[in-house]
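These notes concern the structure reproduced below.
None of these values were measured; they are calculated from a predicted model. All values below were derived from every heavy atom in this structure, side-chain atoms included, with hydrogens, water molecules and symmetry-related copies excluded.
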Amino acid sequence: MDPTSPVDLTSLVDLVAGGRVAVLAGAGMSTGSGIPDYRGPNGSLQRHTPMTYQEFTGSAQARRRYWGRSHVGWEHFRRARPNAGHRAVAALEAAGIVTGTITQNVDGLDLAAGSREVVELHGNLDRVVCLHCGERTSRAELAGRLRAANPGFEARVEQLHALNPDGDADLSDEQLAGFRAVPCRRCGEDALKADVVFFGEKVPEDRVARSFALVESARALLVLGSSLKVMSGYRFVLRAAERGTPVAIVNSGPTRGDAKADVRVDAPLQVVLPRLLERLAVPAR
C-alpha cells in the first residue's frame, strides 16, 4: 500500500486515545524489518515446515540440521533493526497510552525499539538454553563457538524468502554436509536449544499468566500484525471478548479474530501506526 493512500483511522484513534491499551504483536510487526512471517501471502508456511519440539529433542541429526540452518539464519536476524511499527508502539508506551506488549515474535525488536513492558511469549533468539543442565548463554557466544567448530562452512541464503520467522534458513542437506553442532559448555551434553518455544512445545506458564494479567488490566486490546491462527495468541483475544474489553485488530488480510473485533483496519502496520501517532499527537521515536 502507498503510504499516502487514505485509510480511515477514526475508530482506531478513538479507541486508543482512551489509554490503558495492551498490545498483542505478531509476525506482521517485523516484516518491515526484513523478517518474513509464517502466514501472510508470501509466508514461510507455504514452503517450510518448522521443526517441532518432539523432532528436535528426539534426534541428534535433527539438532545438527537445526543448528546448521539456524546458524545461517542468525546472521540475518542479528542485523535486523526496529521499524516504524516497533518505534510507534514504544512511543505509545512512553506516552502512557500502551501499558505493555505481548509479542509472539522471537526477534527482540520490541525491546530494541524502546518498549519496556514486554512479554516475549515465545522467547528470544538472542538466548540459548541447555535442556540437560539449564545453563543459559547468549546466542552471540554460541555463534562464535559454531564458527570455530566449522571453519569451512560457507552456506548462505541470498534471498529473504529463504529465511523463516524462527531464525531458520532453507538449506539443503548438501549445503549442511559436514556441519558440526557443539555441546553445552557446562555439562558437555548435546542438548543446546534456542531459548524459544518450538511448534509442539508449551509456552511457559509464567509468561501466559503475565500476558493474561496485562489483558485483564487493560481498557482495550490492540492486535498488531497477527493472523491469530495459533491459540497461543488468539486466547488473549478470547479473554478480552469474554470480559467485554474492546478489541482492535490492524493486519494486512483477514484474521481468526475478526468476528471478535470492535475495530478492524486492513492495512500494513508501517502505514497505520505512524499515522496513529500523528492523530494522537504523540512524538515519534
Side-chain angles (χ1 to χ4, degrees), residues 1-43 80-105 107 109-110 112-115 118 160 165 215 218-230 233-234 236-237 240-241 245-285:
M1 174 180 288
D2 185 338
T4 63
S5 299
V7 178
D8 185 3
L9 300 183
T10 303
S11 297
L12 180 64
V13 171
D14 290 345
L15 185 76
V16 173
R20 282 181 38 232
V21 176
V23 168
L24 173 63
M29 178 68 84
S30 292
T31 54
S33 295
I35 296 175
D37 63 7
Y38 277 120
R39 294 177 175 82
N42 299 308
R81 296 294 180 267
N83 61 57
H86 296 111
R87 294 193 297 272
V89 172
L92 290 169
E93 184 188 285
I97 295 173
V98 164
T99 56
T101 298
I102 306 161
T103 182
Q104 298 174 271
N105 301 327
D107 49 45
L109 295 178
D110 306 274
S115 290
V118 178
L160 181 60
V215 172
R219 187 194 54 79
L221 176 64
L222 176 59
V223 180
L224 300 175
S226 177
S227 66
L228 299 171
K229 291 290 182 63
V230 179
Y234 183 51
F236 303 119
V237 172
T245 302
V247 175
I249 299 176
V250 182
N251 188 67
S252 293
T255 83
R256 185 183 185 184
D258 286 350
K260 305 290 185 183
D262 299 88
V263 176
R264 179 70 173 93
V265 179
D266 189 343
L269 298 180
Q270 287 72 39
V271 172
V272 172
L273 293 179
R275 293 185 189 178
L276 180 62
L277 290 188
E278 292 177 5
R279 295 281 298 273
L280 295 170
V282 172
R285 295 177 69 101

To the nearest 0.5 Å, how far apart are NZ in Lys260 and CD1 in Ile249? 11.0 Å

Contacts table for residues 90-104: side-chain donor-acceptor under 3.5 angstrom, sequence neighbours left out:
from: Glu93; atom 1: OE1; to: Arg116; atom 2: N; distance (Å): 3.4
from: Glu93; atom 1: OE1; to: Glu117; atom 2: N; distance (Å): 3.2
from: Glu93; atom 1: OE2; to: Arg116; atom 2: N; distance (Å): 2.8
from: Thr99; atom 1: OG1; to: Val21; atom 2: O; distance (Å): 3.4
from: Thr103; atom 1: OG1; to: Asn105; atom 2: N; distance (Å): 3.1
from: Thr103; atom 1: OG1; to: Asp110; atom 2: OD2; distance (Å): 3.1
from: Gln104; atom 1: OE1; to: Ser226; atom 2: OG; distance (Å): 3.0

Do the non-hydrogen side-chain atoms of Leu12 and Arg279 ever get within less than 4.5 Å of each other? no

Going through the checks in order, is the side-chain contact (heavy atoms from CB on, under 4.5 Å) test met by Leu276 and Val250? CA-CA 11 Å; Leu276 180 62; Val250 182; over 6 Å; no

Test side-chain contact (heavy atoms from CB on, under 4.5 Å) on Val215 and Thr245 and set out the steps. CA-CA 9 Å; Val215 172; Thr245 302; 5.8 Å; no

Would you call Leu24 and Leu221 a side-chain contact if the rule is heavy atoms closer than 4.5 Å? yes

Donor-acceptor check, side chain of Ser30 to backbone of Ala27, threshold 3.5 angstrom: yes or no? no

Counting N and O atoms only, with roles assigned by atom type, does the side chain of Arg219 sit under 3.5 Å from a partner on the main chain of Leu15, one being a donor and the other an acceptor? yes

I need the minimum non-hydrogen distance between Thr31 and Pro36, along with the two atoms involved. CG2-C, 4.3 Å

Roughly how far, to the nearest 0.5 Å, is the OG atom of Ser252 from the CD atom of Gln270? 8.5 Å

Within a strict 4.5 Å, meaning less than it, do heavy atoms of the Leu273 and Leu277 side chains meet? no

Do any N or O atoms from the side chain of Asp266 and from the backbone of Pro254 form a donor-acceptor pair under 3.5 angstrom? no

Smallest heavy-atom separation, Ala240 atom then Val247 atom, equals CB-CG2, 3.8 Å

I need the minimum non-hydrogen distance between Ala80 and Leu109, along with the two atoms involved. O-CD2, 3.7 Å

Suppose we screen for side-chain hydrogen bond (donor to acceptor under 3.5 Å, both in side chains). Which residues come up paired with Asn251, at least two apart in sequence or across chains? none

Side-chain donor or acceptor of Arg87 paired with backbone N/O of Ala284 under 3.5 Å: no

Using only heavy-atom distances, determine whether the side chains of Thr255 and Asp258 contain a donor-acceptor pair under 3.5 Å. yes

Working for side-chain contact (heavy atoms from CB on, under 4.5 Å), residues Val237 and Arg256: CA-CA 10 Å; Val237 172; Arg256 185 183 185 184; over 6 Å; no

Closest non-hydrogen contact found for Asn83 with Ser33 is ND2-OG, 3.0 Å

